[in-house]
Amino acid sequence: MYALVDCNNFFVSCERVFRPSLNNRPVIVLSSNDGCAVARSNEAKALGIKMGAPVFKIQDIVKKHRVECISGNLSFYGDMSQRVMSVLREMSPAIEVYSVDEAFLDLSGIPEHELKPLCQRIRKRVKKWTGIPVSIGIAPTKTLAKAAASVAKKYEEAEGVYLMNSLQARRSVLQRMDVGDVWGVGRKLSERFTYMGLNTAWKLSECDPAHIRELTSVVTQKTVLELQGTPCYAFGEEPDHRKQIISSRSFGEPVKDLKTLKEAVSTFVATGAEKLRSEGTEARAITVYASSSPFKGKYYANSTLITLDNATSDTGVLTKQAMKGVDEIFKQGVGFKKAGICLHDIQHKSAHQADLFSVVDNKRSESLMTAMDKLNSTMGKHTLRFGTSNPNGKWRNLCKHQSPAYTSDWAQLLVVK
DNA sequence: TCTGGGGTCCTAGGACCC
DNA sequence: TCTGGGGTCCTAGGACCC
């Protein structure tokens with residue numbers, strides 16, 4: 001059996017740990033630029049605020065019901081996530097971290113009558129040690145565990161844990177579940193299935209998997225099999241490094257000049273390269289992209305892929321290439337609203353392919369980067385940076401209701417009297 | 001006025017090989 | 001008039017996830 005542990009309204013719950021006055025009130029956490037609602041308390045959900053709703057469209061509800069709006073603080077949530085995961089790691093045989101607020105547990109070998117009590121204990125301890133409330137679903141496949149967890153979250157009687165261990169349980173859960181709420185069924189597939197009359201998870205689970213594969217793809221075939229109780233997604237440890245690294249931002253004001261666009265992109269490269277070094281990896285290709293707003297005016301988007309001769313994590317080398325990319329995609333007269341970089345062809349440093357003709361002095365580059373990382377981690381982000389970058393340039397957007405980094409910045413720790 | 005950021009995987013189609 | 005058969009690798013784009 002698998003368990004899925006899912007943190008309830010995670011970002012909001014993190015804020016509530018340090019600001020209990022937010023309890024029992026409608027609260028939303030906003031994406032960068034204060035653009036969208038990306039987390040909602042139950043009270044906010046009850047007001048009809050949808051996931052991803054643009055803030056300007058829900059202004060009336062926010063004012064009328066005094067919804068607390070908080071500009072998200074991702075580093076803080078990341079730290080809280082690690083705390084939750086460490087409790088899970090201690091209490092279960094094996095854990096697979098699936099996202100910032102979710103983890104699968106492998107419960108094989110545990111007698112069935114002990115599954116629920118164990119998960120109850122896990123839930124209590126996570127709450128007590130981290131302050132974060134979680135819901136836990138237990139089922140024979142990952143897809144069913146996701147469904148079970150949503151039941152655990154929705155119904156009070158479940159007390160935060162739902163065990164799906166029988167055909168009856170599976171049927172009653174899936175019959176009440178919209179097909180679009182199934183893990184792996186997104187907007188497009190949901191539209192298609194509904195059109196075909198397959199509007200619930202149960203109806204989808206009764207389809208012939210081979211037939212579904214013909215209609216869609218192998219991914220959806222697996223989803224159907226998993227709904228039937230046949231595991232297709234094995235429990236696995238997380239991969240040791242990621243395959244791509246993205247760094248991007250929407251701009252506060254449209255950017256029309258090349259210099260500002262370069263300052264932004266250069267800053268993104270610095271962030272991406274720092275991430276590479278922290279994971280001990282290097283990238284051999286970088287994509288630079290920029291676009292105007294897709295919501296108004298004539299849409300312009302462009303990108304360019306640059307392949308390097310040698311894999312690197314040197315901010316200087318990557319910046320130089322990226323700046324050429326910006327020259328290529330920049331267009332006079334366009335108001336750019338967003339830009340970013342994506343690093344790919346990522347590999348471990350230890351797998352570095354030496355180059356007979358290379359002119360780069362790797363030793364020098366490495367000690368420079370090490371020194372830079374050290375300064376920036378002890379003295380603050382961007383203490384030492386490349387001149388092309390400008391983390392506080394005109395492209396920066398301002399968040400109005402930024403919450404403190406309660407646990408991840410010494411300067412912002414709470415003072416307890 | 002105002003619409004996030006960071007990931008994964010699969011597939012089709014093109015370019016290439018003999 | 002008429003032009004094989006069997007492969008591999010790479011990439012862009014689309015679908016999905018949180």
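Letters A, B, ... are given to chains in the order of the sequence lines, protein chains preceding strands, and every chain is numbered from 1.
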### Message
Between P on B:dT1 and CG on A:Asp60, what's the gap in Å once rounded to a whole number?
### Response
14 Å

#### Entry: Most 5' of A:Arg242 and A:Ser293 on DNA chain B, judged by nearest nucleotide
A:Ser293

### Message
Centre-to-centre under 6.0 Å for A:Phe76 and A:Phe18, is that the case here?
### Response
yes

### A:Glu274 bridged to A:Lys381 by N-O distance under 4.0 Å
no

### Task
Please list every stem that involves DNA chain B, where a stem is a run of 3 or more consecutive Watson-Crick or G-U wobble pairs with both pairing distances under 3.5 Å.
B:5-18 with C:5-18

### Message
Could you tell me how far apart A:Lys338 (NZ) and B:dT3 (C1') are, to the nearest whole angstrom?
### Response
11 Å

### Message
In whole Å, I'd like the distance from the NZ atom of A:Lys142 to the P atom of C:dC17.
### Response
15 Å

### Message
Quick test of your reading of the model: are A:Glu191 and A:Arg187 salt-bridged, counting only N-O distances below 4.0 Å?
### Response
yes

### Query
CD1 of A:Ile58 versus P of B:dG4: gap in Å, rounded?
13 Å

### Face-to-face stacking of A:Phe295 with B:dT3, centres under 5.5 angstrom, angle under 30°
yes

### Task
Just say parallel, tilted or perpendicular for the rings of A:Tyr2 and A:Phe235, cut-offs at 30° and 60°.
parallel

### Query
Base, sugar-phosphate alone, or nothing: which one does A:Val219 contact when heavy atoms must sit under 4.0 Å apart?
sugar-phosphate

### Query
For DNA chain B, which residues in residues 36-51 of chain A have a heavy atom at a distance below 4.0 Å?
A:Cys36, A:Val38

#### Entry: Atom pair distance, as rounded to whole Å: NZ in A:Lys275 and P in B:dG5
13 Å

### Query
Does a side-chain N-to-carboxylate-O contact under 4.0 Å join A:Lys222 and A:Glu226?
no

### Query
Salt bridge between A:Arg123 and A:Glu159, side-chain N to carboxylate O under 4.0 Å?
no

### Task
Take A:Lys57 and A:His241, find for each the nucleotide of DNA chain B with the closest heavy atom, and name the residue whose nucleotide sits nearer the 5' end.
A:Lys57

### Query
How about A:Arg385 and A:Ser266: does a side-chain donor come under 3.5 Å of a side-chain acceptor?
no

### Phosphate OP1/OP2 of B:dT1: any A:Lys296 side-chain N/O under 4.0 Å
no

### Task
Would you mind reading off the distance between A:Asp34 atom CG and B:dG4 atom P, rounded to a whole angstrom?
11 Å

### Summary
The correct set of residues in residues 243-263 of chain A placing a heavy atom under 4.0 Å from DNA chain C is none

### Message
Can you tell me how the ring of A:Phe336 sits relative to the ring of A:Tyr300, calling it parallel under 30°, perpendicular over 60° and tilted otherwise?
### Response
perpendicular

### Polar contact flag, side-chain donor to acceptor under 3.5 angstrom, A:Ser41-A:Glu43
yes

#### Entry: Pairing of A:Glu102 and A:Lys146 as salt bridge, 4.0 angstrom limit
yes

### Task
Would you indicate, yes or no, if B:dT1 has its OP1 or OP2 atom less than 4.0 angstrom from a side-chain nitrogen or oxygen of A:Lys337?
no

### Query
Considering only the P atoms, how many Å lie between C:dC18 and B:dT3, rounded to the nearest integer?
25 Å

### Message
Over all strands shown, is A:Asp101 touching base, sugar-phosphate only, or nothing at heavy-atom distances under 4.0 angstrom?
### Response
sugar-phosphate

#### Entry: Rounded distance (Å) that lies between atom P of C:dC17 and atom CD of A:Glu226
14 Å

### All side chain to side chain donor-acceptor pair (under 3.5 Å) counterparts of A:Lys320, not counting sequence neighbours
none

### Query
What residue pairs, at least two apart or across chains, pass salt bridge (charged side-chain N to carboxylate O under 4.0 Å, His left out) with a residue in residues 48-60 of chain A?
none

#### Entry: A:Glu96/A:Lys142 ion pair, N-O < 4.0 Å
yes

### Message
For a quick check of understanding: with a heavy-atom distance under 4.0 Å over all strands, which category does A:Tyr98 fall into, base, sugar-phosphate or nothing?
### Response
sugar-phosphate

### Message
If you compare every side-chain N and O of A:Ser99 against the phosphate oxygens of C:dC17 (OP1, OP2), does one of them come in below 4.0 Å?
### Response
no

### Query
Among side-chain atoms of A:Ser250 and A:Asn33, is any donor-acceptor pair under 3.5 angstrom?
no

### Summary
Nucleotide by nucleotide, nucleotides 7-16 of chain C touches protein heavy atoms under 4.0 Å in the pattern (B base, S sugar-phosphate only, - none) --------SS

#### Entry: Criterion side-chain contact (heavy atoms from CB on, under 4.5 Å) against A:Lys262, the qualifying member of A:Thr260, A:Leu258, A:Val265
A:Leu258

### Query
For A:Gln59 and B:dT3, what is the distance between atoms CD and P respectively, to the nearest whole Å?
13 Å

